[in-house]
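In what follows, a structure is listed as structure tokens, so that the remarks can point back to it.
No experiment lies behind these values; they were computed from the predicted model shown.
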Amino acid sequence: MTELVQNGSLCPVQEEVKSMDLSRTRTARLQSTGKTLYLITPHARNFPIDDQADYIGIDSGVYRIMEAGLPVLRALGDFDSLEEGETIPEESILYPVRKDYSDSELAMKLAMEFDSIHPYESIILWGGISGRLDHTYANLRLISYRFNKIILEDEMQKAWILNEGVHEIPSNADHISFFSIGESTISLENFQYPLDHHFLSESSVLTLSNHFLNERAGIVTIDSGRLLCIQSRFT
């Protein structure tokens, strides 16, 4: 049965998950160490097919999951992007179009609730940087300030958060950029434009469009602060 959230504000995620027969889900999650959770948007194309992963459909993104022959862990949204002939699946969380949260934000909150039951290795919002610029910007803000574990990805781009510490980044993209969240001090090794304990303000774009020197991984050391890292495969 489709579950309708009656008002435009967000009900506590715990209450929504409680309505999902979490006893079965909790048992399943405790047995799924190392799995990936994909949040599939209506813009998602060519997303990874992994029979060991879990999939949440955002709005009509649930049909992209079903078209791939994959089971749907949950579907949610206002479903205003359904195409002709598509209907709201059973067992969906249905929100009104007029509300205080985006569908992707609601999906991120639900994903983190599942993650709190038993942690996923990674949570990927696929297609969240493939559509409207305002939605892309909103999703970048959400992972920067609230949902640091969630990765934004599509066929051509990937965005994620780097916290303090040393990070090895595989050289599998044409361009890589770093944007400071607040103030930070960083070093970059094995990049075309290296840095050594360099201070970055939040407004700085100095670290835009860097490149790997060779096939070796790039090393990013964050002495303080956090970075939004964006890789792209555009030449």
Which of Lys109, Met112, Met108 passes side-chain contact (heavy atoms from CB on, under 4.5 Å) with Arg146? Answer is Lys109

Taking only residues two or more places apart in sequence or in another chain, which ones pass salt bridge (Lys or Arg N to Asp or Glu O under 4.0 Å) with Asp134? Arg132

Members sharing Ile219's hydrophobic cluster (side chains within less than 4.5 Å): Val166

Once ring pair (Phe, Tyr, Trp, His ring centres under 6.0 Å) is applied, what residue pairs with a partner in residues 193-225 remain, sequence neighbours excluded? His175-His211, Phe191-Phe212

Please name all residues satisfying side-chain hydrogen bond (donor to acceptor under 3.5 Å, both in side chains) with Ser201, sequence neighbours left out, ordered by chain then number. Ser203

In this structure, OG of Ser104 is separated from CG of Leu125 (nearest 0.5 Å) by 5.0 Å

Between Ser187 and Thr221, is there a side-chain donor-acceptor contact under 3.5 Å, judged purely by atom types and distance? no

Take Thr41 and Asp103 through the test side chain to side chain contact (heavy atoms under 4.5 Å, CB included) and record every step on the way to the result. CA-CA 9 Å; Thr41 75; Asp103 288 342; over 6 Å; no

Provide the full list of salt bridge (charged side-chain N to carboxylate O under 4.0 Å, His left out) pairs with a residue in residues 55-71, sequence neighbours left out, each pair given once. Arg64-Glu67, Arg64-Glu86

Considering non-hydrogen atoms only, spot the tightest contact between Phe179 and Thr207 and give its length. N-OG1, 4.5 Å

Please evaluate residues Phe114 and Ile56 with respect to the criterion side chain to side chain contact (heavy atoms under 4.5 Å, CB included), reporting the C-alpha separation (whole Å), side-chain torsions for both, the decisive distance (0.1 Å), and the verdict. CA-CA 11 Å; Phe114 276 117; Ile56 289 177; 4.1 Å; yes

As an exercise, state the distance from CD1 of Ile186 to CG of Asp196, rounded to the nearest 0.5 Å. 11.0 Å

Following the transitive rule for hydrophobic clusters with a side-chain heavy-atom cut-off under 4.5 Å over Ile, Leu, Val, Met, Phe, Trp and Tyr, establish whether Leu206 and Leu188 coincide in one cluster. yes

Separation between CH2 of Trp160 and CD1 of Ile169, rounded to the nearest 0.5 Å: 5.0 Å

Salt bridge (Lys or Arg N to Asp or Glu O under 4.0 Å) partners of Asp78, counting only residues at least two apart: Lys99

Minimum heavy-atom separation for Ser130 and His43, please, with both atom names. CB-CB, 4.0 Å

Residue pairs meeting salt bridge (charged side-chain N to carboxylate O under 4.0 Å, His left out), one or both in residues 147-160, sequence neighbours left out, come to Asp115-Lys149

Can you give me the closest heavy-atom contact between Ser122 and Ile151, atom names plus distance? CB-CD1, 4.4 Å

Among Leu37, Leu39, Ile40, Val62, find the residue that satisfies the side-chain contact (heavy atoms from CB on, under 4.5 Å) test when tested with Tyr55. Ile40

Going by side-chain hydrogen bond (donor to acceptor under 3.5 Å, both in side chains), name the residues that satisfy it together with Ser184, two or more places apart in sequence or in a different chain. Ser180

Which heavy atom of Ala159 sits nearest a heavy atom of Leu140, and at what distance? CB-CD2, 3.8 Å

Got a sec, which residues hit side-chain hydrogen bond (donor to acceptor under 3.5 Å, both in side chains) with Asn190, two or more places apart in sequence or on another chain? Asn214, Arg216

Got a second to check how far Leu200's CG is from Thr185's OG1, nearest 0.5 Å? 7.5 Å

Residue pair Arg226, Asn148: steps toward the side chain to side chain contact (heavy atoms under 4.5 Å, CB included) verdict: CA-CA 10 Å; Arg226 297 184 300 133; Asn148 299 161; 3.2 Å; yes

Considering residues at least two apart in sequence or located in another chain, which fulfil the side chain to side chain contact (heavy atoms under 4.5 Å, CB included) criterion with Pro48? Tyr38, Trp126

Suppose we screen for ring-ring contact (aromatic ring centres under 6.0 Å, His included). Which residues come up paired with Phe79, at least two apart in sequence or across chains? none

One should read off an interatomic distance between Ser60 OG and Ile65 CD1, to the nearest 0.5 angstrom, of 10.5 Å

Do Lys35 and Asp50 have side-chain heavy atoms sitting under 4.5 Å apart? no

What are the two closest non-hydrogen atoms of Thr87 and Leu82, and how far apart are they? C-CD1, 3.9 Å

For Ile222 and Asn163, the nearest pair of non-hydrogen atoms, with its separation, is CD1-O, 3.3 Å

Going through the checks in order, is the side chain to side chain contact (heavy atoms under 4.5 Å, CB included) test met by Phe178 and Leu195? CA-CA 12 Å; Phe178 305 97; Leu195 291 174; over 6 Å; no

Partner set under side-chain hydrogen bond (donor to acceptor under 3.5 Å, both in side chains) for Glu168, not counting sequence neighbours: none

So, Asp54 side chain and Leu73 main chain: donor-acceptor pair closer than 3.5 Å or not? no

